[in-house]
Asks: 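What follows is a structure written as structure tokens; I'll ask about it next.
All values below were derived from every heavy atom in this structure, side-chain atoms included, with hydrogens, water molecules and symmetry-related copies excluded. Nothing fancy with the numbering, it's 1 onward along the sequence.
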Amino acid sequence: MIEQVEQYRPHVIAALTDAGPKGRTVKELCSALGAGEQAVRRCLAALVVTGEVREAARYTPGARGAVPRAYSLPTRAE
């Protein structure tokens, strides 16, 4: 599992850098990277724990269902 996290780490960070302040959901990251959902979720979990990635809810007005979590890179001021 550690090898998988280290393999996807630079790709996830690059994809989040391109996403800007709004971040990306797991589904968006999977399509951008062409990777499986479980691999992306494992990598994001490790990055959130280490503080390299920030997790927040992305509320979309008018959308039904659960509010998806969006992942982004923390700003330099944080």
Side-chain angles (χ1 to χ4, degrees):
M1 185 175 109
I2 294 172
E3 294 85 12
Q4 188 178 40
V5 169
E6 286 300 316
Q7 176 186 358
Y8 283 103
R9 182 177 171 269
H11 301 293
V12 169
I13 291 174
L16 291 175
T17 302
D18 295 340
K22 282 184 75 176
R24 290 189 176 180
T25 62
V26 172
K27 193 177 283 189
E28 292 169 343
L29 283 169
C30 289
S31 65
L33 298 174
E37 185 175 333
Q38 189 150 12
V40 171
R41 285 189 185 276
R42 284 180 180 161
C43 185
L44 285 170
L47 291 172
V48 167
V49 168
T50 60
E52 292 182 61
V53 172
R54 183 178 56 194
E55 177 183 20
R58 182 192 288 171
Y59 175 71
T60 308
R64 293 184 173 200
V67 178
R69 285 180 268 168
Y71 298 90
S72 61
L73 297 175
T75 58
R76 293 285 177 191
E78 293 180 6

Asks: Where do Pro74 and Gly51 come nearest, in terms of heavy atoms and distance?
Replies: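 Scanning both residues completely, I find the closest heavy atoms to be CG-O, 3.7 Å.
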Asks: Which pairs would a plain distance check flag for residues 12-24, meaning a side-chain donor or acceptor within less than 3.5 Å of a matching protein atom at least two apart in sequence or in another chain?
Replies:
| unit_1 | atom_1 | unit_2 | atom_2 | d |
| --- | --- | --- | --- | --- |
| Thr17 | OG1 | Ile13 | O | 2.7 |

Asks: For His11 versus Leu33, what's the shortest heavy-atom pair and its separation?
Replies: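 In this case the closest contact between His11 and Leu33 is O-CD2, 3.5 Å.
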Asks: Tell me, please, which residues at least two apart from Glu52 pass side chain to side chain donor-acceptor pair (under 3.5 Å).
Replies: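 Only Arg9, Thr50 meet the side chain to side chain donor-acceptor pair (under 3.5 Å) criterion with Glu52.
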Asks: Per the salt bridge (charged side-chain N to carboxylate O under 4.0 Å, His left out) rule, what does the pair list look like for residues 25-41, sequence neighbours excluded?
Replies: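 As it turns out, the salt bridge (charged side-chain N to carboxylate O under 4.0 Å, His left out) pairs with a partner in residues 25-41, which skip direct neighbours, are Glu28-Arg58, Glu37-Arg41.
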Asks: On a heavy-atom basis, which atom in Tyr8 and which in Ala35 lie closest, and how many Å separate them?
Replies: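 Closest approach of Tyr8 to Ala35: CE2-CB, 3.4 Å.
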Asks: Quick one: list whatever passes side-chain contact (heavy atoms from CB on, under 4.5 Å) with Gln38, sequence neighbours left out.
Replies: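 Scan of Gln38 (side-chain contact (heavy atoms from CB on, under 4.5 Å), adjacent residues dropped) gives Arg42.
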